[in-house]
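Computed from a predicted model, the values in this text were never measured in an experiment. We count residues from 1, following the sequence as given.
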Amino acid sequence: MISVMTRTSTAALFGSETLGNVLASLLAAPTRPLAQADLVRYWSHHKLTGQRALDRAVASGLVRREGAGRGLRYTAQPAAPDFHAARELAVGDQLRRRLHGLGERSGAYIFGSFAARTDTPESDVDVLLIGDMDRLAFQQDVWQLELRLGRSVNVVEYSWADFQRRVAEGSQFLSGLLTRPLLTVAGPSLADLVGAATVAGVGR
């Protein structure tokens, strides 16, 4: 099982929030070339701050710079040794920053081809939300996140009661997730939440 670091800010991961934002946009959709102006528009960065972040991204080997003048574009380097790890951290952090009011028996996870590192440019980022959280605030921000990442975000949501019921019924979907690559964005591992749901169900 693959795990994303859960209580670490973008600044701690990449040195600055701006660099984390830039990497999220470039690494999430590695075939999408972006100009500096695109990133300034997506993130409302100051031009100089964004340029410094782009210079650092290029220096890291995760991003390449091509062209000149108005034709200057930045694209990800999927062959870089740390590409997948950096992408998972950057995208996971973007999702985590949009989760508010996370309850004790709650979690957020990325599953599917993105987690398995087999995604194509057309693949969604599949996200599973379980338990108590401010879902409205998350959903309101998803469209903007999709624009910034260059990927559709497909969200599967279970309340705690619905999750308990599905665990008790032996959901094949949830059982399958436990055996496949899964990125923990926030909260305990999915296996721990399944265990908590099982114990709570027995105690009824």
Side-chain angles (χ1 to χ4, degrees), residues 1-10 13-14 17 19-34 38-39 42-43 57 60-64 74-99 102 106-131 133 135 138-158 163 171-194:
M1 182 178 292
I2 305 170
S3 293
V4 169
M5 299 169 64
T6 56
R7 293 193 178 107
T8 311
S9 68
T10 305
L13 292 173
F14 300 116
E17 183 174 309
L19 179 56
N21 292 343
V22 164
L23 288 176
S25 284
L26 290 166
L27 305 187
T31 61
R32 177 178 64 158
L34 292 174
D38 296 323
L39 294 163
Y42 291 160
W43 299 103
S60 74
L62 292 166
V63 174
R64 71 173 177 268
Y74 296 85
T75 53
Q77 290 273 52
D82 298 328
F83 170 79
H84 285 289
R87 182 173 76 153
E88 289 157 8
L89 289 170
V91 173
D93 193 78
Q94 293 298 329
L95 290 167
R96 189 178 311 112
R97 284 158 54 187
R98 289 161 172 78
L99 293 171
L102 205 67
S106 305
Y109 312 89
I110 300 175
F111 64 98
S113 60
F114 188 93
R117 302 178 176 180
T118 60
D119 55 295
T120 69
E122 293 74 34
S123 300
D124 295 342
V125 178
D126 295 304
V127 177
L128 172 64
L129 302 179
I130 298 170
M133 63 191 72
R135 285 181 167 78
F138 182 83
Q139 291 288 2
Q140 287 175 336
D141 206 20
V142 163
W143 71 268
Q144 190 175 49
L145 181 62
E146 290 179 324
L147 175 67
R148 290 168 169 174
L149 296 182
R151 308 289 287 265
S152 295
V153 178
N154 175 50
V155 182
V156 177
E157 303 180 58
Y158 297 145
F163 179 67
S171 166
Q172 292 186 352
F173 170 67
L174 293 174
S175 298
L177 290 184
L178 294 175
T179 65
R180 299 182 189 124
L182 188 72
L183 307 176
T184 301
V185 173
S189 71
L190 182 60
D192 285 346
L193 269 190
V194 169

Interatomic spacing from OG in Ser175 to CZ in Arg180 - rounded to 0.5 Å: 9.5 Å

Heavy atoms of Leu102 and Met133 approach each other most closely as CD1-CE, 3.6 Å

Close side-chain approach of Val142 to Val127, heavy-atom, < 4.5 Å: no

Would you sort out whether Val153 and Arg151 count as a side-chain contact (heavy atoms from CB on, under 4.5 Å), showing the intermediate values? CA-CA 6 Å; Val153 178; Arg151 308 289 287 265; 5.7 Å; no

Rounded to the nearest 0.5 Å, the CD atom of Gln94 sits from the CD atom of Gln144 at a distance of 10.0 Å

Under 4.5 Å between any side-chain heavy atoms of Ile110 and Leu95, yes or no? yes

Ion pair Glu88/Arg117, N-O distance below 4.0 Å: yes

Derivation of the side-chain contact (heavy atoms from CB on, under 4.5 Å) call for Tyr158 and Leu128: CA-CA 8 Å; Tyr158 297 145; Leu128 172 64; 3.9 Å; yes

Minimum heavy-atom distance Tyr42-Arg148, with the two atoms named: O-NE, 2.7 Å

Rounded at 0.5 Å granularity, tell me how far OG1 in Thr75 sits from CG in Leu62. 11.5 Å

For Ala28 and Leu149, which heavy atoms make the closest approach, and how far apart are they? CB-O, 3.5 Å

Distance-minimising heavy-atom pair for Gly20 and Ala90: O-CB, 4.1 Å

Would a 4.5 Å heavy-atom cut-off, applied to side chains only, mark Val63 and Gln77 as touching? no

From OH (Tyr109) to CG (Asp126), nearest 0.5 Å: 15.5 Å

Taking atom CG of Asp119 and atom CG of Asp124, what is their separation to the nearest 0.5 Å? 10.5 Å

Here's a test for you: under side chain to side chain contact (heavy atoms under 4.5 Å, CB included), which of Leu190, Val156, Leu183, Val125 qualifies with Phe111? Val156

When every non-hydrogen atom of Ser25 is compared with those of Trp43, the smallest separation belongs to OG-NE1, 3.0 Å

Hey, are Arg135 and Glu157 close enough for a salt bridge, meaning a charged N less than 4.0 Å from a carboxylate O? yes

To the nearest 0.5 Å, what is the distance between CG on Leu193 and OG on Ser106? 7.5 Å

Can you give me the closest heavy-atom contact between Phe114 and Val91, atom names plus distance? CZ-CG2, 3.8 Å

I'd like to know if Arg97 pairs up with Asp141 as an ion pair, taking the criterion as any Lys NZ or Arg NE/NH1/NH2 lying under 4.0 Å from an Asp or Glu carboxylate oxygen. no

Would you say Phe138 and Val155 make side-chain contact, with heavy atoms under 4.5 Å? yes

